[in-house]
Amino acid sequence: MTHRPLPAAFYARETELVARELLGAVLECTVRGTRCRGRIIETEAYTGEEDLACHAAAGRTARTEVLYGPPGRARYFIYGMYWCVNAVTRRAGLPSAVLIRAVEPIEGIEAMRRRRGHRPDRELTNGPGKLCQAFGITGPLHHGVSLLSSPLRILEGERIPDDDVAVTPRVGISKAVSDPLRWIRKGRDLK
DNA sequence: TAAAGGATTTTCT
DNA sequence: GAAAATCCTTTAC
């Protein structure tokens, strides 16, 4: 497969479309010379200020500033003690992003096992906080950086066909809207 | 197998 | 004071 980063124009589209198209793309992170790669298999769209589950619903603050910036940048959100990867979408001034919820390890699995405490392989990267821990993604190092260049980027991958993709409402989010906004590759065996 | 609670920090009511 | 885009451990059935 090619190893080209997805261009900024990829992210400068409707958030739901970007969430769909990111399935199959390759998340890459290099930390101190160790490179990890994983194929994206689950994403979630946070569509803007009108989406109550989106952090931008709270308005423009230091915490949400990156969401308002240009597309193609990474945003990391901390829930108490965990970080998550987001890809900012649309254009500057329109706060929205796609949360990367799960990947399949491709490269650097030894580092992932080490960072994740040698759990079963299926539990290395099957959650938004877990995959960050596995990849060594931390806030100060990665918050707000471009996804188009190292150390953290998203590469072109093999497209996952529509027949293998399911769209569902978000689950476990009290402010979630009923619209289907979570994209999952069918048949994944991660839970 | 399911449910409950803790860790931890920012934000809102 | 409570909840949040989570995860892990403990406790109960």
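Each chain gets a letter, A, B and so on, in the order the sequences are listed, and its residues count up from 1. Only heavy atoms go into these numbers, but all of them, side chains included; no hydrogens, no water, no symmetry mates. The shown structure was predicted, so the numbers you read here are calculated from the model rather than taken from an experiment.
- Taking atom CZ of residue A:Arg170 and atom P of nucleotide C:dT6, one finds them 11 Å apart after rounding to whole Å.
- The closest side-chain heavy-atom distance from A:Arg113 to A:Leu124 is below 4.5 Å.
- A:Glu123 has its CD atom 11 Å from the P atom of C:dC7, to the nearest Å.
- Atom NZ of A:Lys130 and atom P of C:dA5 are 18 Å apart (whole Å).
- Here the side chain of A:Thr168 pairs no donor or acceptor atom with the backbone of A:Pro180 at under 3.5 angstrom.
- Judged by distance alone, with hydrogens and angles left aside, the side-chain atoms of A:Lys186 form a donor-acceptor pair with the main-chain N or O of A:Asp163 at under 3.5 Å.
- Nucleotide C:dA5 holds its C1' atom 11 Å from the NZ atom of A:Lys175, rounded to whole Å.
- Here, B:dA2 and C:dA5 have their P atoms 24 Å apart, quoted to the whole Å.
- As a whole-Å value, the separation of A:Leu22 CG from C:dA5 P is 20 Å.
- Checking A:Ser96 against A:Arg90 by side-chain atom types alone, a donor-acceptor pair falls below 3.5 Å.
- One interatomic measurement links the two molecules: CH2 of A:Trp83 to P of C:dC7, which rounds to 15 Å at whole-angstrom precision.
- Side chains of A:Gln133 and A:Arg115: no donor on one and acceptor on the other come within 3.5 Å.
- Across B:dC12, C:dC8, C:dA5, the shortest atom-to-atom separation from the side chain of A:His55 is found for C:dA5.
- Residue A:Arg119 places at least one side-chain N or O under 4.0 Å from the OP1 or OP2 atom of C:dC8.
- Phosphate contact (OP1/OP2 of C:dA5, side-chain N/O of A:Arg63, threshold under 4.0 Å): absent.
- At the heavy-atom level, A:Ala53 lies under 4.0 Å from base atoms of the strands shown.
- Summarising the geometry, the separation between CG on A:Leu67 and P on B:dT11 is reported as 12 Å, rounded to the nearest angstrom.
- Residue A:Ile173 shares its hydrophobic cluster (ILVMFWY side chains chained together at separations under 4.5 Å) with A:Tyr46, A:Leu99.
- At the heavy-atom level, A:Leu99 lies under 4.0 Å from base atoms of the strands shown.
- Atom CD in A:Glu49 sits roughly 16 Å away from atom P in B:dT11 (whole-Å rounding).
- Checked against C:dA5, C:dC8, B:dC12, the side chain of A:Tyr46 finds its nearest nucleotide in C:dA5.
- Counting only heavy atoms from C-beta outward, the side chains of A:Glu156 and A:Val26 never approach each other to under 4.5 Å.
- A donor-acceptor contact under 3.5 angstrom links the side chains of A:Glu49 and A:Tyr68, judged on distance only.
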Inset, instruction - For nucleotides 1-7 of chain B, just jot down a letter per nucleotide in 5' to 3' order: B, S or -, based on protein non-hydrogen atoms under 4.0 Å. - result: ------B

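- Side-chain contact between A:Thr89 and A:Pro71 is absent, with no heavy atoms from C-beta onward closer than 4.5 Å.
- Base-pairing analysis of DNA chain C finds the following stems of at least three consecutive Watson-Crick or G-U pairs, with both pairing distances under 3.5 Å: B:1-7 with C:6-12, B:9-12 with C:1-4.
- With contacts defined as side-chain heavy-atom distances shorter than 4.5 Å, the pair A:Thr43/A:Leu23 qualifies.
- Using a 4.0 Å heavy-atom criterion, one finds that A:Arg116 contacts the sugar-phosphate atoms exclusively.
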